[in-house]
Structures are given as C-alpha cells and as structure tokens.
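These notes concern the structure reproduced below.
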Amino acid sequence: MNLKRIALTFCVSCLTAGAVIAQDLGQATELFNMGATSLQSDDKEGALKYFKQALDMAGQLGEEGSELSNEIKALLPKLYLQIGKEAANAKEIAKAFENLELAKKTATEYNVAEVADEVDQLIPTVQMIGANDLLNDGKYAEAAAEYKKIIAGDASNATAYLRLGMALSKTTDQAGAIDAFTKAAELGEKEDAGKQLANIYLKQANNLYRGKKIADAYTNAQKAVQFAPENGQANKLFGVIALASKKYDDAIAGLEKYLAVTPNAKDKNAIMYQLATAFEGKGDKDKACGYYKQIVNDPQFKAFAEHKIKNELKCN
C-alpha cells in the first residue's frame, strides 16, 4: 500500500470539508443578512423566514456556526414578540396569540428570560382586547367565555369581572351578571359595578311591577336604590312601588329623592300628587296639604286637589 497516496487523499478530504463548511457558513451568513435587510424594510415576516433558514443551516455546522446560531436565537423571540404586539394593536387577536406563544416558546428554549416575562404580562392584555371586541360586536356569550379565561388567570382582575357582568347581563344569565358585578365592586369597581347592578334590579323591578308582583318588585327596586342612590328613575320606581305597598315612608323617601335629583322632571306634578297621597296615607295632614296646593292649578289634578284641600283635609 502506498502510504504517501493515502496521506495525500486524507489531506485533500480535509481541505474539501473545510471548504464546504466555509461555504455553508457563508450561505447562512448571507441568509442572516437578507433577514436583517428585510427587518430594516419593516418586513418582519420576511425577516423571520430568512433568520429561521439561517439558523437551520448554522445549526448543522456545529462549533463553526455557533456564533451565528446564538445571535439568531437571541433575536427570534424578540421578533415573534414584536409581531405579536403589532397584531394585538391591529386587533388581529388570533395572529397575536400565535406569535406571542411562539415568542414564549423560543424564549424559553433559547433562554431569553426578559421576552418570556413580557409575554406573560401581555397575554391578559391581549385577552382583554379580544374579549372587548366580542362584547362590542354583540357576541355576548363568546365575550363572557373570554372574560372567564382572564379571571381564571387572575382572580383579582376587577375590570374582567365588570366586563363579564356586562356580557352576561345581555344574556339570560342575570344571576351570573349580578355575581360578576358584585365581585367587581368588591375588587374596587364599586361605582361602575353599582350602576350596572342598579340597572339590572331596576329592570327586574319594573317587569315585576307590571306583572303585579308587588312584593318582589319592591325588593328589587329597593336594591336598585341601594346600588345607585342618586339614580332618579330608580328612586321614582321605588317610591311608586312603595306607595302601592302602602309603605309610606319609603314612598316619600323615593319620590322626594326623585324630585331632588330631577327638579325639572316633566312628571313633577304627578309625583307631587303621589307624595300628597303618601303623606295623607301616613296621617301627615300638613305635608299632604302642602303638596295638594302645589298642584291645584294643574288641569289634570285641579278638581281632585281642590276637593282634598276644601272638603277632606280642610287645609288652612
């Protein structure tokens, strides 16, 4: 055997392998540079494609491609994160989640901790954007499902509870809406949640009153006032129902509050008539007379008020 020929053949193979590695590294570097150019042109999707190709090629080169591989690995999670953010801002929620998940996956795989942390912070925000869009589009059941996901991840999210209540209030799940608003109030959304609760109880009170279920109507109207003490309509309905229930003190409180918060109400005289009736029922002649006198010139109440003033109450 010719040892010199064997040695020569071996050296030629080494040179050939080295040339191949150098060529592959050059191609990988060129792909990386193409990705960088795309990135400068704000073509993040194109840049992502080139970077991934460069990483695949550099990864096959072992130690020779490690420097380029590490540079790409540090870059990819950040690029996925940026694409996810832009998609969220454009309200492309599915695309946003897809890229945020890829950002978290690659950040964990390549040990880019700051990206993984930022994704964890962004996910609830993106979920909220998506849920709000569903709510605004009238997709109430779907929106409620998304708000529940947010709450599952953060049980202290008052805004999610508030929006969950808003979504459920548009469905048949009024009990669920009340529970959600109550929790929102406990977590700090007291004013807004209170208004929403008042609206639910006010609506229920009105429906029950029309259905002549006076006792239940009274309970719901009372809750409406409790949650929104300055709500004129809630106080008015509470007063009217209380008067029908012969709960005169409650009737007076509700009706007088209504006039206090809506002094120019078109039905002012009708409310004063009811107040006169409530004070009369309570046995307070002077207050009853005072209200009857205020409506004596109203054609609708004139005859009745004059009769009360002159004949029944004999007002001074």
Side-chain angles (χ1 to χ4, degrees), residues 6-134 136-137 139 142-143 145-146 149-150 153-154:
I6 293 174
L8 180 62
T9 303
F10 177 75
C11 289
V12 170
S13 298
C14 289
L15 289 172
T16 303
V20 170
I21 290 172
Q23 183 180 2
D24 288 349
L25 183 59
Q27 290 176 349
T29 302
E30 179 61 24
L31 286 167
F32 177 84
N33 290 336
M34 290 171 70
T37 300
S38 296
L39 199 55
Q40 288 177 348
S41 302
D42 202 33
D43 180 9
K44 296 181 181 63
E45 304 284 355
L48 193 59
K49 180 183 69 174
Y50 287 124
F51 289 144
K52 288 168 69 176
Q53 290 176 354
L55 180 61
D56 288 341
M57 186 170 289
Q60 296 173 20
L61 301 177
E63 185 64 27
E64 296 293 331
S66 62
E67 183 178 350
L68 182 59
S69 291
N70 291 336
E71 189 171 352
I72 297 171
K73 289 177 179 179
L75 182 61
L76 282 179
K78 297 175 183 177
L79 187 52
Y80 279 124
L81 175 61
Q82 188 60 36
I83 294 172
K85 285 181 177 180
E86 292 178 359
N89 288 333
K91 296 188 176 181
E92 298 174 357
I93 304 304
K95 181 179 179 180
F97 276 123
E98 178 184 357
N99 282 277
L100 289 175
E101 287 172 1
L102 287 169
K104 178 69 177 289
K105 179 181 178 181
T106 53
T108 302
E109 184 178 352
Y110 303 146
N111 197 30
V112 188
E114 67 273 16
V115 171
D117 291 341
E118 188 169 354
V119 170
D120 288 339
Q121 293 173 9
L122 277 174
I123 290 294
T125 301
V126 177
Q127 286 178 315
M128 186 69 77
I129 292 172
N132 290 346
D133 285 346
L134 290 169
N136 293 334
D137 289 342
K139 298 177 180 178
E142 295 92 332
E146 291 303 311
K149 289 180 184 177
I150 297 171
D154 179 10

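Residues P124 and I150 come closest through the heavy atom pair O-CD1, 4.3 Å. In terms of heavy atoms, A28 sits closest to A58 at CB-N, 4.2 Å. The two residues M57 and L31 make their nearest non-hydrogen contact at CE-CD1, 4.4 Å. The nearest pair of heavy atoms linking A116 to A107 is N-CB, 3.8 Å. For the pair A88 and A96, the tightest heavy-atom approach, listed with the atom from each and the gap, is N-CB, 3.6 Å. In plain terms, the two heavy atoms of I72 and A54 that are nearest each other are CD1-CB, 3.6 Å.
Distance check: I123 CD1 to F97 CZ gives 5.5 Å after rounding to the nearest 0.5 Å. Atom CG of N111 sits about 11.0 Å away from atom CG of N70, to the nearest 0.5 Å. If you take CG on D43 and CE on M34, they are separated by 11.0 Å, rounding to the nearest 0.5 Å. The distance from the CD atom of E109 to the CG atom of L102 is 11.0 Å, given to the nearest 0.5 Å. The structure places CG of D117 at 11.0 Å from CG of L122, a figure rounded to the nearest 0.5 Å. Annotation: the span from E63 atom CD to S69 atom OG amounts to 10.0 Å, rounded to 0.5 Å.
A 4.5 Å side-chain heavy-atom check between L79 and L39 finds at least one atom pair inside the cut-off.
D154 meets the side-chain hydrogen bond (donor to acceptor under 3.5 Å, both in side chains) test with S156; sequence neighbours excluded. Here K139 pairs with nothing under the salt bridge (charged side-chain N to carboxylate O under 4.0 Å, His left out) rule; sequence neighbours left out. For K105, the side chain to side chain contact (heavy atoms under 4.5 Å, CB included) criterion is met by no residue, not counting sequence neighbours. Contacts of T37 classified as side chain to side chain contact (heavy atoms under 4.5 Å, CB included), with partners at least two apart in sequence or in another chain: none. For Q60, there are no side chain to side chain contact (heavy atoms under 4.5 Å, CB included) partners, not counting sequence neighbours.
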Open item on the list: One pair to check against side chain to side chain contact (heavy atoms under 4.5 Å, CB included): L68 and L61. What are the steps and the verdict?
Closed with: CA-CA 10 Å; L68 182 59; L61 301 177; over 6 Å; no
Open item on the list: I'd like to know whether T106 forms a side chain to side chain contact (heavy atoms under 4.5 Å, CB included) with V112, so could you lay out the CA-CA distance, the side-chain angles of the two residues, the decisive distance to 0.1 Å, and finally the verdict.
Closed with: CA-CA 8 Å; T106 53; V112 188; over 6 Å; no
- [ ] Would you check, one step at a time, whether the test side chain to side chain contact (heavy atoms under 4.5 Å, CB included) holds for L100 with L81?
- [x] CA-CA 6 Å; L100 289 175; L81 175 61; 3.7 Å; yes
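Contact check on E101 versus K104 returns no salt bridge, with no Lys/Arg side-chain nitrogen under 4.0 Å from an Asp/Glu carboxylate oxygen.
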Could you pull out all donor-acceptor pairs under 3.5 Å where a side-chain atom in residues 44-53 meets a protein atom, sequence neighbours excluded?
unit_1 : atom_1 : unit_2 : atom_2 : d
K44    : NZ     : D42    : OD1    : 2.4
K44    : NZ     : E86    : OE2    : 2.9
E45    : OE2    : K95    : NZ     : 3.3

